[in-house]
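These notes are about the structure you will find just below.
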Amino acid sequence: MIRVLVVDDDYRVAELHARYVNAVDGFTVAGTAHSAAKAVELSRALRPDLILLDLYLPDRLGTEVLPALSGDVMMVTAAADAAQVRAALGCGAMGYLIKPFDERELRNRLAAYARFHAQLATDRSLAQDQVDRALRALHGTDRTVRARPPRATPTGKLVADTVASLDGPITASALAERLGISRPTAQRYLADLAAAGTIRIELRYGAAGRPEHLYSWNGDGSEPDQD
């Protein structure tokens, strides 16, 4: 069994990701943490094989404690800007999965990690081709792209056009209420649009210190689609 520690400040998201992990053959959730300090504590106590690590934690950024964690790390976060990706990979993250995602996307990456893990589960010296094969197994699904652009569906177009029409940024919850769709659906399309460069993500810290994601039109001169 590959033992996984799930780290996310949102209890509901952590539970969802834990369910995804437990549904994959050969994987089991060893524990969950909702802060950077608890992640370090549990990683040392539980010694998981893999840690699914959120970036925006209430006490510190995930990348700040990544080197102190015991186990391989895959970032699982809504942060999609290149600087954060570089920082995470530079700190030793083995993968980077942008929220929100469905169970299939996480399953693919866990399967790739399992192949990588199996190929390196030896104390023997490795030949170059064996190292190359393990790395290909790990990153074989990293180039997966979504089947359709985020604005190719009616809902995607509605989300993009609504954000473009606003004078200021909006949260996923507020957008979902405005459009009459679920928050996860709004968040999924917002993340897709952010990854495509159509909108940008900013952070606003509330009184409790937990960051809130604000989405706004990218302001690059492009205009929303017209009917």
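- With hydrophobic clusters built from ILVMFWY side chains whose heavy atoms lie under 4.5 angstrom apart, Val21 shares a cluster with Leu97.
- For Asp102, the salt bridge (charged side-chain N to carboxylate O under 4.0 Å, His left out) criterion is met by Arg104, not counting sequence neighbours.
- A donor-acceptor distance shorter than 3.5 angstrom exists from the side chain of Arg200 to the backbone of Trp217, with no hydrogens or angles considered.
- The salt bridge (charged side-chain N to carboxylate O under 4.0 Å, His left out) check on Arg60 picks up Glu64, with sequence neighbours excluded.
- Across all their heavy atoms, Tyr96 and Ala88 have their closest contact at CE1-CB, 3.7 Å.
- Listed by chain and residue number, nothing satisfies the side chain to side chain donor-acceptor pair (under 3.5 Å) test with Glu15 (two or more places apart in sequence, or in another chain).
- The shortest non-hydrogen separation linking Ala137 to Gln119 is CB-NE2, 3.9 Å.
- Under the side chain to side chain donor-acceptor pair (under 3.5 Å) criterion, Arg133 pairs with no residue at all, not counting sequence neighbours.
- Criterion: ILVMFWY side-chain heavy atoms under 4.5 Å apart, direct or through other members. Under it, Val13 and Ile98 are not part of a common hydrophobic cluster.
- Between the side chain of Asp9 and the backbone N or O of Pro58 there is no donor-acceptor pair closer than 3.5 Å.
- By the salt bridge (charged side-chain N to carboxylate O under 4.0 Å, His left out) test, Arg3 is found to be paired with no residue, residues two or more places apart in sequence or in another chain being considered.
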Do Leu214 and Ile170 pass the side-chain contact (heavy atoms from CB on, under 4.5 Å) test, and can you show the C-alpha distance, the side-chain angles, and the key distance before you say yes or no?
CA-CA 5 Å; Leu214 299 174; Ile170 190 171; over 6 Å; no
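- For Thr28, there are no side chain to side chain donor-acceptor pair (under 3.5 Å) partners two or more places apart in sequence or in a different chain.
- For Leu5 against Gly31, the heavy-atom pair with the smallest separation is CD1-O, 3.3 Å.
- Partners of Asp132 according to the side chain to side chain donor-acceptor pair (under 3.5 Å) rule, which considers only residues two or more places apart in sequence or in another chain, are Gln128.
- Between Leu120 and Ala134 the shortest heavy-atom distance is CD2-CB, 3.9 Å.
- Both Val24 and Val4 are part of a single hydrophobic cluster, where members link through side-chain heavy atoms under 4.5 Å apart.
- Checked for salt-bridge contact, Lys99 and Asp8 meet the test: a charged N lies under 4.0 Å from a carboxylate O.
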Could you check Leu190 against Val163 for side-chain contact (heavy atoms from CB on, under 4.5 Å), going step by step and ending with a plain yes or no?
CA-CA 9 Å; Leu190 287 167; Val163 175; 4.0 Å; yes
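- Considering every non-hydrogen atom in both Ser43 and Pro48, the closest pair reads O-CD, 3.4 Å.
- Taking the side chain as every heavy atom from C-beta outward, Arg178 and Leu166 approach each other to under 4.5 Å.
- Residue pairs meeting the ring pair (Phe, Tyr, Trp, His ring centres under 6.0 Å) criterion with at least one partner in residues 7-48, sequence neighbours excluded, are Tyr11-His34, His17-Phe101.
- Proximity of a side-chain donor or acceptor of Asn22 to a complementary backbone N or O of Val29 within less than 3.5 Å is detected.
- Every residue was checked against the ring-ring contact (aromatic ring centres under 6.0 Å, His included) condition with Phe116, not counting sequence neighbours, and none meets it.
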Atom pairs and distances, side-chain donor-acceptor, residues 66-83, under 3.5 Å, sequence neighbours left out:
unit_1 : atom_1 : unit_2 : atom_2 : d
Ser70  : OG     : Arg47  : NH1    : 3.1
Asp72  : OD2    : Tyr113 : OH     : 2.6
Thr77  : OG1    : Ala79  : N      : 3.0
Asp81  : OD2    : Gln84  : N      : 3.3

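- Legend: ring pair (Phe, Tyr, Trp, His ring centres under 6.0 Å) pairs involving residues 63-90, not counting sequence neighbours: none detected.
- At a threshold of 4.5 Å between non-hydrogen side-chain atoms, the residues Tyr189 and Thr155 count as touching.
- Sorted by first and then second residue, the salt bridge (charged side-chain N to carboxylate O under 4.0 Å, His left out) pairs with a member in residues 35-45 read Lys38-Glu41; sequence neighbours excluded.
- In this structure, Thr63 and Ala87 approach most closely via the heavy-atom pair CG2-C, 4.3 Å.
- Atom CG of Asp129 is surrounded by more than 12 heavy atoms from other residues, nucleotides or ligands within 6.0 Å.
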